[in-house]
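Here's the structure, in structure tokens; my notes come after.
When a ligand or atom number is given, it counts from 1 through the structure's own listing order. Since the structure is predicted, the reported quantities are computational estimates derived from the model, not experimental observations.
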Amino acid sequence: MDNLSPLEKEIRRTIAATGPMPVATYISLCLTHSQYGYYVTRDPFGASGDFTTSPEVSQMFGELIGLWAAAAWQMMGSPQPARLIELGPGRGTMMRDALRAVQVVPDFRDAISVEMVEISPVLRDLQRNMIVDTGIMPTWYESLADVPSGPCIILANEFVDALPVHQVVKQADGWHERVIGLNASGKFVFGLAPEPIEHFLPMVPRPLRDAPTGSIFEWRPDNLAFEIGRRVRDNGAALIIDYGHVESAIGDTLQAIGHHAFADPLEAPGTVDLTAHVDFRAFGQAAESMGAAIYGPIEQSEFLLRLGIAERAESLKMRATPEQAAQIDAALTRLTRGSRTGMGQLFKVLALGDPKLGPLPGFET
Ligand code: SAH
């Protein structure tokens, strides 16, 4: 037992003392434990890390998101000041590329303050270093609820998938919380809470209520979607980019990734990334219930092509060496292609805004 990490020891102690813990509690400890959490202790991105996100694939991604934000701000009537808020900025790459691109819209650049919601001290440092050359100094917050109110544009790429997800399993007597406990040989194992969750049925989307016994349904608390909905309904706009499904569905999408390969979510807690698909239907409905208008989700490929990623690639290639041109083409393909290896179809983009604005850029029909 002595070779166990401090986080694994702590989780074992908790289970020994209070019984098996919900999957959501386990994910939360693994990712964001204040001392040993995955995001708190490392920089997970890039070739030498665990996974690569769209902004890390190419500067084109952040540039187009920046121009999207500037266009949304103009639709909002160019309010001054306005907050440009990013949730979970990782290395800060998307914000750096966005701020560089919006130099062509100086009014926007002058009007915005940059606000970052980030719990990881390691990543806050990386973000600071990444942004410093833009001449804009962000302010950091632990949670979106802490960011002062006012006209805002909220951006989140691969943030929601990192938030803890609850798994519930259908049984003859109702839906039971899926939990993690210890078996006789001391290994972490999945199990079910003995009693069904009371009054849970209204939480399950109607079409899924008749799912067969054993079906797993995943849900996240609505507070983030509520908070975004509240903020954007009065002259704001938001863009949520993530992998997930358009309709609520049955299925276990919890996955662990380390060094660009799938791992066992119950092995070595705190050293691998844990994620689960985003239920865009549930997210959109929660934000809508707060008065936001929602657009999409549409596939990332469609969104980026509508914003002009192909044209941006062509113009970058005009000033590129043949080797750089090949890299630009490869990045374009990776960001927009479907199939198993591309990010174009798995990733979806949901926009939310003040209903008075009408469809946001990229979502016009
Ligand atoms: N948007 C970045 C990084 C995505 S990874 C990119 O696309 O490259 C998820 C990010 O969210 C990391 O920066 C992580 O530290 C942060 N994060 C995860 N859970 C969080 C939470 N509960 N509150 C605030 N930030 C969180």
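The side-chain contact (heavy atoms from CB on, under 4.5 Å) test with Ile85 singles out one residue from Ile153, Ile112, Ile154, Thr139, and that residue is Ile154.
Closest to atom 6 (C) of ligand 1 among all protein heavy atoms lies Thr53 OG1, 3.3 Å. Counting only heavy atoms of the protein, atom 17 (N) of ligand 1 lies nearest to Phe159 CE1, 3.9 Å. Scanning the protein for heavy atoms near atom 9 (C) of ligand 1, the closest one is Glu158 O, 3.5 Å. Ranking protein heavy atoms by distance to atom 22 (N) of ligand 1, first place goes to Leu163 CD2, 3.8 Å. The protein non-hydrogen atom at the shortest distance from atom 18 (C) of ligand 1 is Tyr39 CD1, 3.9 Å. In this structure, atom 19 (N) of ligand 1 lies nearest to the protein heavy atom Thr32 CG2, 3.8 Å. Among all non-hydrogen protein atoms, the one lying nearest atom 3 (C) of ligand 1 is Gly88 O, 3.4 Å.
Cation-pi geometry between Arg178 and Phe190 is met: under 6.0 angstrom from the ring centre, within 45 degrees of the axis.
If you number the atoms of ligand 1 from 1 as listed, the ones under 4.0 Å from a heavy atom of Gly90 come out as 2 (C), 3 (C), 13 (O).
There is no path of hydrophobic side-chain contacts, each under 4.5 Å, that joins Phe280 to Tyr243.
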With salt bridge (charged side-chain N to carboxylate O under 4.0 Å, His left out) as the test, would you mind laying out the steps for Asp329 and Lys317 before giving the verdict?
CA-CA 9 Å; Asp329 279 333; Lys317 275 159 62 181; 2.9 Å; yes

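Residue contacts with ligand 1, taken as heavy atom pairs separated by less than 4.0 Å, do not involve Ser54 at all. Both the backbone and the side chain of Asn157 come within 4.0 Å of ligand 1, counting heavy atoms alone.
Within the 4.0 Å heavy-atom shell around ligand 1 one finds Ile119. Taking 4.0 Å as the cut-off, Glu118 counts as a neighbour of ligand 1 on heavy-atom distance.
When atom types are taken as modelled, the side chain of Asp234 and the backbone of Gly236 share no donor-acceptor pair closer than 3.5 angstrom.
Within the model, atoms CZ of Arg233 and CD of Glu288 stand 13.5 Å from one another, a figure rounded to the nearest 0.5 Å.
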